[in-house]
Peer 1: 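Sharing a structure below in structure tokens format, with a few things to ask.
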Amino acid sequence: MDYSTGEMMAVAAARVLKNEDVCFVGIGAPSVACNLARLTHAPNITLIYESGTIGAKPDVLPLSIGDPELSETALTTVSVPEMFRYWLQGGRISVGFLGGAQLDRFGNINSSVIGSYEHPKVRLPGGGGAPEIASLCGQTYVVMRQSRRTFVEQVDFITSFGYGTGGDHRQRLGIRTQGPTLVVTDLCLLQPDPETKELVVTSIHPNVTRETIRQQTGWALRFADSMEQTPPPTETELTVLRELHARTEQVHMGKATPDD
Amino acid sequence: MDYSTGEMMAVAAARVLKNEDVCFVGIGAPSVACNLARLTHAPNITLIYESGTIGAKPDVLPLSIGDPELSETALTTVSVPEMFRYWLQGGRISVGFLGGAQLDRFGNINSSVIGSYEHPKVRLPGGGGAPEIASLCGQTYVVMRQSRRTFVEQVDFITSFGYGTGGDHRQRLGIRTQGPTLVVTDLCLLQPDPETKELVVTSIHPNVTRETIRQQTGWALRFADSMEQTPPPTETELTVLRELHARTEQVHMGKATPDD
Amino acid sequence: MTAFLSLHDAIEQYVRDGASLALEGFTHLIPFAAGAEIIRQQKRDLCLIRMTPDLIYDQLIGMGCVRKLVFSWGGNPGVGSLHRLRDAVEHGWPRPLELEEHSHAAMANAYAAGAAGLPCAIFRGYQGSDLVGVNPHIRFIECPFTGERLAAVPAIRPDLTIIHAQRADRSGNVLMEGIIGVQKEAALAAAQVIVTVEEIVDDLHAPSPNSTVLPYWTVSAVVCVPGGAHPSYAHGYYGRDNAFYTAWDEIARNRETFLAWMQEHVLTTQPESIGDEQQQ
Amino acid sequence: MTAFLSLHDAIEQYVRDGASLALEGFTHLIPFAAGAEIIRQQKRDLCLIRMTPDLIYDQLIGMGCVRKLVFSWGGNPGVGSLHRLRDAVEHGWPRPLELEEHSHAAMANAYAAGAAGLPCAIFRGYQGSDLVGVNPHIRFIECPFTGERLAAVPAIRPDLTIIHAQRADRSGNVLMEGIIGVQKEAALAAAQVIVTVEEIVDDLHAPSPNSTVLPYWTVSAVVCVPGGAHPSYAHGYYGRDNAFYTAWDEIARNRETFLAWMQEHVLTTQPESIGDEQQQ
């Protein structure tokens, strides 16, 4: 079956999720991955959206972090202060998802500004829940398309802390969680070097060359000694993913009132 | 109509409550006074019990601070942490009620121990919500029977702060509320002297002599220059009060299972 | 104690130029109709507070009502940027916009501290984030028991909070359900509170003894505005108009199309008809 | 993830001698049956935590299971003293009892801090109270913005929290309603959580999207004990046995009548029959 690089990214991200995981789900790619996992190999995975919905089982992908679909299918919906205090800060989340405009070689993420903070070339939406998701979830997975523009030597602004300057920087700041243990892109999987914490390629998606990956990376990228080949999406994975997108498309466009 | 000194105390306490008051109600005498007010001149008074019930309208007096009657008749019931944070500490309560084993001439209250704290002659139940009710309600009313044993020169232990050593002691501690502006007993009403904050008698209940009040007070009690005479309970006040007690008696003894 | 007013009168009486305002709603129950009326009455120099400023804040900013924005995520959920917000920050159009940027955790805690009458909130946050260097309102304290370093932010206390809820009874008691976000905290933290509702009923019919209810004595004014949360939604009443959120990206992308849309859909609309009109 | 156990097995597996235990319940949903089983299994040296220790704590103390009590109000609500608690504190019978005394506000905040994973809680409290001088766990911090002096207490993190709830579903999700007190915080603050319930159902039928629910992955064990909160009550199931609370004053007033009552009503009773028996 033919598939796009975006589909490969979603499938690769979904595969690492487990039935026992309690995920703090972001909108976009993370939400696709989490729900794909729930609809395939991890039916009991717990999805938590920062809007307060615990145990959401949406039939279609939410456009926003708080679509009706979420609270209507959730086990319960709590207030946002409770969500960030008892559930995220309380250490109840095993996996958090992050993405952003820029990612650097040590997994630090920028979702605030391109250029200077005072006079930004581009003012981005901001961190939202990310700064604390990055430090309080058991571990975080980063899901984003890879390009020289987004995978940079150094981010313009650290919105969410990854491994800082590498090594034991997290521990030195008193952060007790693992940080970004996996980066899933449309080309490959990257993981932090156990010592230096620099992100290195550990698995390459089908039909992708090391050269392509290097060209799409803003730093002198390292490849792990034992390199793996990411298995292509299975027919089941693709079918479920495409049905999910189709259902979503239909529902979100259902109430089109462009002039209003 | 004949009436007991206890009935006079309940009626006198009820009379000072207003329709607009939001009361933090304690069990016992305060609960009687608040519900008597609600059933007579202050039908819209808001009664809050620290168990979390907001706007309770119990048909009978609760034996405990969290009887079913309270949440079943309340506008809403919140968690206890929310009650103490958003509602009491949030400055939403206009009147709090206090009582205790000992009260001193400056309105400080002891509900912890008689004797030393380490080796108490009597270990009392403790302060519960009182220490913060005393400092965070707009003002507090103390309702308790008067005797040499309970109205003392100095309390053995300050569980709940009144006016400390008098004068501007509250302000010096950074407390922004008025404190115990009224003490209602079975014999009279006492109020703090505007300057010294010492409790002085401002109104004497019917058929009570200054001599009796002096005998039942553990300090050299002062009487205000403009002394008032507490009007006796009206027939309506007594009828409503007695019906309330009768209903309560019946309900609480309803499920008597003494051997179980 | 609670005033029952028209949307026009409520905004006219309670929204003062230069005031700090929180129109809260975490993707759900966003008080769009109230925001539109603020634009119609051309209020100025407002300090807007909100965790997730979205389309209605983009409109207020684009129409020049806003001096400062306190926020933690300012985008069009699932769609992209808020172009009017960007234009104001990047090019100062129609006027420069001062930003005070926090994380969600910080703002949620700051609202809760405001509701709790505390001067500040403490939490475990901002570790390693550059936000600490650009926002002087982020400070740190030491736990007096463990010595751990904890982040602290000042309590949020808006002059006025405006929220939209499902319904109110005739005394002014308000019921909220579904994704309740930080609205209860925003309301209890504010000096004044306006609540727009889908309907006013004789009995709230709260489904649970623990339903989220604001007592009438915490609410300054109640305004009945059916559809007042559109294009966001009201759980149990109508769904989210995701198509409109998507369409907004094009509308707001350049100044002319934005102004034309505002002219047609907000400035020349009557507050009373807002709900119905937007629900078409 | 959640174990479904008998009361006997749950207490045997999760209650360790010397552990810190919170059996919470603010006059409502008090886990009496679980407390009785702890007494039957003669657990020792427990550190009991609770805002409002009442009859079941009086029984545990009187039977010599308790080393220390962390509390804010220890009485028989509306009736008077807890005679066994007094006897232990005043005369060391059956063994001395160490006290850590707080206010309700302090304990409610300390449980919330435990649930929130914070090392301490700050609040405006204890102003002018002598409790500050007798409890070293009460300290003060300065607000980094206003300089105001605020009280601080360490978070409460029990080794085990036991609560009683209306019902659980077959996955172990738990629903609580009515006066929910501080149970959710006590559960989320603890290392292990046992929940006794009135019934186990296929569907929780939570009345509101915002109903108080503990997800199964926060609950160690669920035990079905109908009537397990008697003589306290379970909103929607049975009322409070106020007559028994009143009768307890006489029963507990002297050591002999207390021991005789415990012998007949607890020691020689089977856990499975507790609920039914106590509901007679």
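Chain letters run A, B, ... following the sequence lines, proteins first and then strands; every chain starts at 1.
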Peer 1: Assess whether ring pair (Phe, Tyr, Trp, His ring centres under 6.0 Å) is satisfied between A/Phe106 and A/His169, documenting all intermediate values.
Peer 2: CA-CA 10 Å; A/Phe106 290 113; A/His169 200 167; 9.2 Å; no
Peer 1: Is the NZ or CZ atom of C/Arg50 positioned over C/Tyr57's six-membered ring, under 6.0 angstrom from the centre and within 45° of the axis?
Peer 2: yes
Peer 1: Looking at every heavy atom in both A/Val143 and A/Ala13, which two are closest together, and how far apart are they?
Peer 2: CG2-CB, 4.1 Å
Peer 1: With chain A, which of C/Gly75, C/Ala151, C/Ser129 has the greatest number of heavy-atom pairs at distances under 4.5 Å?
Peer 2: C/Ser129
Peer 1: Not counting sequence neighbours, which residues clear ring pair (Phe, Tyr, Trp, His ring centres under 6.0 Å) with C/His28? List them please.
Peer 2: C/Tyr233
Peer 1: Which of the residues C/Arg86, C/Glu177, C/Arg149, C/Arg124 is involved in the greatest number of heavy-atom pairs with chain A at under 4.5 angstrom?
Peer 2: C/Arg124
Peer 1: With a 4.5 angstrom heavy-atom cut-off, could you sort out which part of C/Phe71 is near chain A: side chain, backbone, both or neither?
Peer 2: side chain
Peer 1: Do A/Leu47 and A/Asn35 have side chains that approach each other closer than 4.5 Å (heavy atoms only, starting at C-beta)?
Peer 2: yes
Peer 1: Going by distance alone, is a donor N or O of one side chain under 3.5 Å from an acceptor N or O of the other, for A/Tyr117 and C/Glu101?
Peer 2: yes
Peer 1: Side chains of A/Leu182 and A/Val142, heavy atoms from C-beta outward: is any pair under 4.5 Å?
Peer 2: no
Peer 1: Relative to chain C, which of A/Thr77, A/Asn110, A/Thr76, A/Asn108 shows the most heavy atom pairs under 4.5 Å?
Peer 2: A/Thr77
Peer 1: Quick one: which residues of residues 53-70 of chain A reach chain C at under 4.5 angstrom, heavy atoms only?
Peer 2: A/Thr53, A/Leu63, A/Ser64, A/Ile65, A/Gly66, A/Asp67, A/Pro68
Peer 1: Any Lys/Arg nitrogen of A/Glu153 or A/Arg105 sitting under 4.0 Å from an Asp/Glu carboxylate oxygen of the other?
Peer 2: yes
Peer 1: Whether the C/Glu198 and C/Tyr238 side chains hold a donor-acceptor pair (N or O, under 3.5 Å, no angle test) is what I'd like checked.
Peer 2: yes
Peer 1: So what's closer than 4.5 Å to chain C heavy atoms on A/Ile27: side chain, backbone, both or neither?
Peer 2: side chain
Peer 1: When heavy-atom pairs shorter than 4.5 Å are enumerated against chain A, which of C/Ile179, C/Ile180, C/Val182 gives the highest number?
Peer 2: C/Ile179
Peer 1: Classify the side-chain pair C/Trp248/C/Asp58 by whether it contains a donor and acceptor separated by less than 3.5 Å.
Peer 2: yes
Peer 1: Is it the case that atom CZ in A/Arg242 sees more than 12 heavy atoms from other parts of the structure closer than 6.0 Å?
Peer 2: yes
Peer 1: With a 4.5 angstrom heavy-atom cut-off, which part of C/Met107 approaches chain A: side chain, backbone, both or neither?
Peer 2: neither
Peer 1: Between C/Leu82 and chain A, with a heavy-atom cut-off of 4.5 Å, which part of the residue counts as in contact: side chain, backbone, both or neither?
Peer 2: neither
Peer 1: Name the member of A/Gly128, A/Ser111, A/Gly126, A/Pro131 that forms the most heavy-atom pairs with chain C at distances under 4.5 Å.
Peer 2: A/Gly128
Peer 1: Can you check whether A/Trp219 reaches A/Gln154 side chain to side chain, under 4.5 Å on heavy atoms?
Peer 2: no
Peer 1: Hey, does A/Ile109 have a side-chain heavy atom less than 4.5 Å from the side chain of A/Ile158?
Peer 2: no
Peer 1: Side chains of C/Gln166 and C/His235: donor-acceptor distance under 3.5 Å anywhere?
Peer 2: no
Peer 1: Between A/Val113 and chain C, which part of the residue has a heavy atom less than 4.5 Å away: side chain, backbone, both or neither?
Peer 2: neither
Peer 1: Relative to chain A, which segment of C/Gln127 carries a heavy atom at a distance below 4.5 Å: side chain, backbone, both, or neither?
Peer 2: both
Peer 1: For the residue pair C/His102 / C/Ser72, report whether a side-chain donor-acceptor contact shorter than 3.5 Å exists.
Peer 2: no
Peer 1: If contact means a heavy atom pair closer than 4.5 Å, which residues of residues 81-102 of chain A contact chain C?
Peer 2: A/Pro81, A/Phe84, A/Arg85, A/Gln89
Peer 1: Between A/Glu72, A/His119, A/Lys121, which has the largest tally of heavy atom pairs under 4.5 Å with chain C?
Peer 2: A/Lys121
Peer 1: What parts of residues 171-181 of chain A touch chain C if we use heavy atoms and a cut-off under 4.5 Å?
Peer 2: A/Leu173, A/Gly174, A/Ile175, A/Arg176
Peer 1: Is atom CZ of A/Arg247 surrounded by more than 12 heavy atoms (other residues, nucleotides or ligands) closer than 6.0 Å?
Peer 2: yes
Peer 1: Cation over ring, C/Arg253 on C/Phe258, under 6.0 Å and within 45°?
Peer 2: no
Peer 1: Decide yes or no on side chain to side chain donor-acceptor pair (under 3.5 Å) for A/Glu132 and C/Tyr126, but give the supporting numbers first.
Peer 2: CA-CA 7 Å; A/Glu132 283 74 25; C/Tyr126 284 128; 5.8 Å; no
Peer 1: For atom CD of C/Glu148, is the number of surrounding heavy atoms from other residues, nucleotides or ligands below 6.0 Å larger than 12?
Peer 2: yes
Peer 1: Could you check which of C/Gly181, C/Gly133, C/Gly125, C/Pro77 has the highest count of heavy-atom pairs closer than 4.5 Å to chain A?
Peer 2: C/Gly181
